Each structure stands twice: as C-alpha cells, then as structure tokens.
Amino acid sequence: MLKKPRGTRDFLPDEMEQRRDIEGRMRETACRWGYREICTPEFEELELFTIRSGEGIIGEMYVFEDKGGRMMALRPELTAPVLRMYVNEGKTLPKPLRWHYFADCFRYERPQKGRYRQFWQFGVELIGVDSPLAEAEVILLAEESLSAAGISFSIHVGHLALMRSLLAGLPDEEQKRIRRFLDKKDFNGLYDHLVPAGKADLFNALTRLVSCRDLGEVFDITGDLPERKRIEELFMILDQSGIPYTLDPGIARGLDYYTGMVFEAFAGNLGAENQVLGGGTYRLAHLFGGEDTPSCGFAIGFDRVMVSRGEQAPPHRLVAGIAHTPEGREWALAVSRDFRAAGIRTELDLSGRSLGQQLSRIAKSADYALILGQRESMNRMVTIKDLRSGVQKELPLTDAVREVIGSEPR
RNA sequence: GCCAGGGUGGGGUAGUUGGUCAUCCUAGGGGACUGUGGAUCCCCCGACCCGGGUUCGAGUCUCGGCCCUGGCCCCA
C-alpha cells in the first residue's frame, strides 16, 4: 500500500473545517487592518533563498532541476518571495503596502510535534514605511491574529540595537557565536567563553541585558544609543495600546536580515516547538534588485496554532437529509434546490432503497430528515422530522426551510 | 544528522516458555424488514510495517531498513 510522504499529513473533513475556520479568522483580521491577500508561486528559483542565507540551507530545502535545467526550490518561507514580488511588481504601488498571505511551505527536516515537511504559514508584510508606529501596528496585528485563533500566548518584543551596542567592535564571527549562546540561554557556555578571555564585563552586561524587563534599566546597561528615542517611542505606543507583551532584549532571532525591532510569540501545549510566531523589521528588497526598502512583518506557524488549540469539536452546521420514493423524486430535487439555495447543507439519498433504510442512514449524519413520497409530492408539502427531538411536521416548502434556518445555532 | 520509546484489520485492543492461515469492541459494506427502521436480526469486508537470520515452526527471538511519537540539532 502506498503511503503519504514522510512529514506530510492528510486532513479529513472534520479537521479541514476547523483549519478553514481558524484560517478564515486570521485572514479576516488582516483584511480589517487593510492587509490584503496576495499569492506567490509554490516554487521559486533556488537563488532567491540562497542569496541571503547561503548555500548551507540547500540541504533543508526541496530542490529540483526543472526540464529546462533551472535549479528550483519549493518555498521554505514566504518573506523572500513576497519581497521578490514587491520588487517585480509592487514598486510603483502607493506606499505603504499592506499584504497578507496564507500559504504552505516546505522544509526537509525531521518531523516532530508541531513540525512537518509541508506546513502552513499565515503572515503579513508592511512594506515601505520605517517608523515606530509601523512596527507597533505589526505587533498589534500579530496579537489580534493570534487572539482570533483562540489560543493563549505571550508576545516578547526586543530590538537588535540593544545587544549590538554591547557587541559593537567584535568580529562578526564572534558576535554570532555570542548570540548563539544567548539565544539558547546557555549562560554557562557564555561564561566559559567570555570570562577566561578577560571579558567578564561584557559577560555581566549581556546577562543583565537579556534578563532585563525594564526599558530604563536597559539603557543603563547599554548607555545612550542613537536608536534610543525611537525604541522608547515604540514601547510607549505598545503601552498605550494596552496589549500584553514582555520586553525581551535577549531575542536574537538567529537571522541576519532583521535590522531593528524583533518579536516572537509562544504558546503552550506544544512541547519543544513552542514558538508560534516570529517577526520584525528587516531589509531585503535591495538583495533582489530593488531599492533598499524598509519592511516589517511576521509569520505565524499555522500548524502549531492548531496543535496549541488541541482537540476541539468542529463548528457544527445543520444537515438536512432527504429520503424519497420514486414517485417523490422530482419533488425531492425541487425541495433540495430550495434548501441549498437557502444555505442549508442538504444531502439527497442516492441509494433508492426503502424509506426506512434511507431514514436509518440519514439519522446517522443529519439533524433533519425530509420525507418526500407520493403523498408529499401530490400535496406539494414537506414532511420534516427533527431528528434530535423526534418531532415531525408536515409543512409547505418555504415553512420547512424556515424551520431549519430558525434553529441554526448562532 | 544524533538519542529514546514504539509499529497486530479504518480506530481501539488480546495474543502464554516461539506451537492450528490470530481475540474482542467499534467503524465500514451488503441483505431481510415495502412510509418512521435512530430499532431488530443475518451476512460480509479487513491486520501481525518491510526484508534478512535463528528454528521443524516466528505476531512472539535476532539484525537491518522504513514509518510513527517525542527530545537534541536546526529553525531562513
């Protein structure tokens, strides 16, 4: 028997309905903020992803040669494609650009909880503005998107300038190494790395900085920075907006293309992979042949959000099943047309068996049974049985439709 | 790439010191019952992850692989 590829999943209707429900809430949130949906290709030229990340990531991508001999890759993320799209066709649009996407990505990694080889990301990019208010907007939208998804989470916000000021003057390699320690919260490793080398002051400053949760104290540690005013303004806006967040100068976000504000969100119920969102301010457009353009965005790991929600009953939609006899078939088709036109999920019996058998089948999956035989057909009436209460009525068609719609929850 | 624990019908399970082409529940399919059958009765479908080894004989022991579930690494 053939099986699905490792790290991929099949979704049955119950699960698919839940995913669409949550996806729809996030989309709707973004649209309300003016972030309209875009779509980019499932695969891109390999170079798009290696240009800033190096060749090393090829091993974690689905890479293939197309029939024309071009090296292609299934997209491992959306930020680079979206910025490529911006450079190709968005340059002349009025700024700022507010875009959102919901798309599947592919990474060749070892599957584990909340991590799959095909996974979905919901994200936004705000392109062409560079201000504390823009950064705050992205954070606020992230908060609202996760809330709309119905999970509990915490948002951590930091700024790369803080740590960079302490590391200024060190070689790139060394900075990277130190950030690695801090990202893993490996303070023992950091101690062994710095203190014997005579950098005890740096060690102390760094450890104080990453655990600091007060902006005033942060600047006591770093001293005055050119970015100070801007950073203070960002956090002032966040405070004014009233959203819950944690100041976290320790966020390093391993990546090289972030330039300023960085933020992450974490949720429970997820094991080792508890980060559900990452984002920040970055500059990428110039790498793809465009002008240097400030941008800000985030991406949500949609599958992790679904794991974090846990097992939940799918939203219930009422179902009407139609049992009919040969004499009632024409009437049954007319009735089902009207029911569907009214938005009711309506399933017509296809077996042609006795009414009893049809009802027995309908009762397994439907909330209402409609019985349409010779009698109903002649009188243009609908026998409708509420399968939950057992109450049965004979009504004109429009009243039968109203009966079902009237009992729809919500 | 590394580590741990696991793979018996679609789902959940029983299976002794190796010993009849494997238990039970559930789901699914079919039939009887000809307008209430959401019932009842009958029948059917369908599994030892794959491959090598030990053995007269392997679901059971052993080795390798694959896959699943977690953890590490990584996380653009």
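Everything quoted here is computed from the prediction, not taken from an experiment. Convention: sequence-line order gives letters A, B, ...; per-chain numbering from 1. We use all heavy atoms of the structure for the numbers below, so side chains are in, but hydrogens, waters and symmetry mates are not.
Each of F49(A), F43(A), Y108(A) was scored for a ring-ring contact (aromatic ring centres under 6.0 Å, His included) with Y62(A), with one residue passing: Y108(A). For the ring-ring contact (aromatic ring centres under 6.0 Å, His included) test with H100(A), the passing option among Y35(A), F298(A), F122(A) is F122(A); the others fail.
Using a 4.0 Å heavy-atom criterion, one finds that R9(A) contacts no nucleic acid atom at all. Residue D367(A) is classed as having no contact, given no heavy-atom separation below 4.0 Å to the nucleic acid. Using a 4.0 Å heavy-atom distance criterion, E376(A) is classed as a base contact.
When Watson-Crick and G-U wobble pairs are counted only if both distances are under 3.5 Å, C48(B) pairs with no nucleotide at all. Base pairing annotation: C21(B) forms no Watson-Crick or G-U wobble pair, as no partner gives both donor-acceptor distances under 3.5 Å. U54(B) is unpaired under the Watson-Crick or G-U wobble criterion, no partner having all donor-acceptor distances under 3.5 Å. When both distances must be under 3.5 Å, the Watson-Crick or G-U wobble mate of U69(B) is A4(B).
Using a 4.0 Å cut-off between a side-chain N of Lys or Arg and a carboxylate O of Asp or Glu, E45(A) and R70(A) do not qualify as a salt bridge.
Out of C33(B), G37(B), C75(B), the shortest distance to the side chain of Q357(A) is found at C33(B). Minimum atom distance to the side chain of R180(A) is reached by C74(B), of the listed G71(B), U36(B), C74(B). Nearest nucleotide to the R361(A) side chain, out of C3(B), C75(B), G29(B): G29(B).
Considering only residues two or more places apart in sequence or on other chains, E47(A) meets the salt bridge (Lys or Arg N to Asp or Glu O under 4.0 Å) condition with none of them.
Between the side chain of R115(A) and the base of C74(B), at least one donor-acceptor pair of N or O atoms lies under 3.5 Å. Put simply, the side chain of Q392(A) and the base of U36(B) share a donor and an acceptor less than 3.5 Å apart.
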